[in-house]
Undergrad: 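Would you mind keeping the following structure in view while I ask a few things?
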There are 2 protein chains.
Amino acid sequence: MPGAPTLEHFLCFALYSTSHAFNRVYKPLLDAIGLTYPQYLVMTVLWEQDGLLVGQIGEKLALESSTLTPLIKRLEAAGLLQRTRDTKDERQVRVTLTPRGRAIKAQAASIPACILEATGQAPEQLMRLKGDIDALRNQLEQAAQGGRSGSSRVITPREETEHG
Amino acid sequence: MPGAPTLEHFLCFALYSTSHAFNRVYKPLLDAIGLTYPQYLVMTVLWEQDGLLVGQIGEKLALESSTLTPLIKRLEAAGLLQRTRDTKDERQVRVTLTPRGRAIKAQAASIPACILEATGQAPEQLMRLKGDIDALRNQLEQAAQGGRSGSSRVITPREETEHG
DNA sequence: AACGATTTAGTCGTGTGCGATTTAATATCC
DNA sequence: GGATATTAAATCGCACACGACTAAATCGTT
């Protein structure tokens, strides 16, 4: 007999609680530069590629505009970036780093090493784990889109060119 | 050469976004029984062992009383459980399922199988993944706890170049 | 050119999550 | 036995996160 499913069996709970555990490790590091974790993610995206649209940031982070708009406004209020409506298409809002926004990239540079150390694991193991989790997320996104009882297949409107 | 850390490299982001992806798969299933995911977790804990204290639930879920108290009050308002102050120690609040709270356990019984199907992976692989994630969480909790008195503090940006 | 459909952000309401603080009850120390 | 410390929940303020909806701009078809 399989037995009643308890918390112990839930992979989702493992992800949920480990995500929170990560946040607790990040917090003191991010407090030092005045960012929350989601704000840090947005800044990381912009450090990689500046001048993205709100929607593009949302696509990268899998977050809705209803989440991002207030968050980005807070970053603007903190003087780290600027929001400007695109002159070509005024529906779109382009997000650009300020000098100060670029400057704190250096302050944040030490964070990944701190996090790596906190995991106490080898980078190879962590990357392997990340690969497995990414694969799982892709599966779940498929399922969430395709939704109902299995048989109906939804054609994705856009091909997802995804990394590992 | 390691290069600048981008979003692609972040295990934490993989966890963060996959946790949200799980939530999106759960949502339609939980909507049917009127629960949110954290509420479902609390109910799962109580289905396993009824009559726990708020603090004991918090320990199992790694959540603070400031999160749990309002959540549990909502479950009480929904008629799924009852909060009673312990007569021996009136600081403590014991949480007990109502008949209705026990009843929806049957309705929720089909959820794990739905989730398993949504992952599209073999249970053995998922359990292996869960094991790795649990180990990671334990490490992170160690780091978050021992962070103050431990050996590692925030590394200055200068010495970051060594770490990849 | 006209007008309905689509797209992009933004707003609003609800429900987490947590740190800091508070309140009340119990434990401990002298 | 009474002052003090500790503990368990609760409260408060802030920041996500999302669904439902809105507003405005653009697109598409005729």
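All chains are named by letter (A, B, ...) in the order of the sequence lines, taking the proteins before the strands, and each is independently numbered beginning at 1.
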Undergrad: Taking A/Tyr16 as the fixed residue, which of B/Tyr26, B/Phe22, B/Tyr37, B/Tyr40 is the one that meets the ring pair (Phe, Tyr, Trp, His ring centres under 6.0 Å) rule?
TA: B/Tyr37
Undergrad: Both B/Thr87 and A/Val93 contact DNA chain C. Which one's nearest nucleotide lies toward the 5' end?
TA: A/Val93
Undergrad: Can you tell whether the side chains of B/Glu90 and B/Arg85 come within less than 4.0 Å, N to carboxylate O?
TA: no
Undergrad: Please round to the nearest 0.5 Å and tell me the distance separating atom OG1 of B/Thr119 and atom CD of A/Gln139.
TA: 7.0 Å
Undergrad: Please report, rounded to the nearest Å, how far the C1' atom of D/dA9 is from the CG atom of B/Leu61.
TA: 16 Å
Undergrad: Distance check needed: C/dA24 C1' versus B/Gln92 CD, whole Å only.
TA: 13 Å
Undergrad: Please say yes or no: joined through hydrophobic side-chain contacts below 4.5 Å, possibly via intermediate residues, are A/Val95 and A/Leu53 part of one cluster?
TA: no
Undergrad: Starting at CG of B/Asp86 and ending at P of D/dT7, how long is that distance when rounded to a whole Å?
TA: 18 Å
Undergrad: From CG of B/Leu68 over to C1' of D/dA10, roughly how many Å is that when rounded to an integer?
TA: 12 Å
Undergrad: Check whether any side-chain nitrogen or oxygen of B/Lys73 sits under 4.0 Å from OP1 or OP2 of D/dT11, and answer yes or no.
TA: yes
Undergrad: Please answer whether the main-chain N or O of A/Gly101 pairs with a side-chain N or O of A/Thr98 as donor and acceptor at a distance below 3.5 Å.
TA: yes
Undergrad: Atom CD1 of A/Ile57 to atom P of C/dT8: distance rounded to whole Å?
TA: 14 Å
Undergrad: Between D/dC18 atom P and B/Leu30 atom CG, what is the distance in whole Å?
TA: 15 Å
Undergrad: Regarding A/Thr84 and A/Arg94, do their side chains bring together a donor and an acceptor under 3.5 Å, going by distance alone?
TA: no
Undergrad: Using the rule that two of Ile, Leu, Val, Met, Phe, Trp, Tyr join whenever any of their side-chain heavy atoms come within less than 4.5 Å, decide whether B/Leu30 and B/Leu71 are in one cluster.
TA: yes
Undergrad: Specify the separation, in whole Å, of atom CZ of A/Arg91 and atom P of C/dT8.
TA: 6 Å
Undergrad: Report the distance from atom CD1 of A/Ile72 to atom P of C/dA9, rounded to the nearest whole Å.
TA: 9 Å
Undergrad: Output one line per pair: protein atom, nucleotide atom from nucleotides 16-22 of chain C, and distance, for all N/O pairs under 3.5 Å.
TA:
| residue | atom | partner | partner atom | Å |
| --- | --- | --- | --- | --- |
| C/dT16 | OP1 | B/Thr36 | OG1 | 2.5 |
| C/dT16 | OP2 | B/Gln39 | NE2 | 2.5 |
| C/dT16 | OP2 | B/Arg74 | NH1 | 3.0 |
| C/dT16 | O5' | B/Arg74 | NH1 | 3.3 |
| C/dG17 | OP2 | A/Tyr16 | OH | 2.4 |
| C/dC18 | OP1 | A/Arg24 | NH2 | 2.6 |
| C/dG19 | O6 | B/Ser66 | OG | 3.2 |

Undergrad: If you assign A/Arg85 and B/Glu90 each to the DNA chain C nucleotide with the nearest heavy atom, which residue ends up on the more 5' nucleotide?
TA: A/Arg85
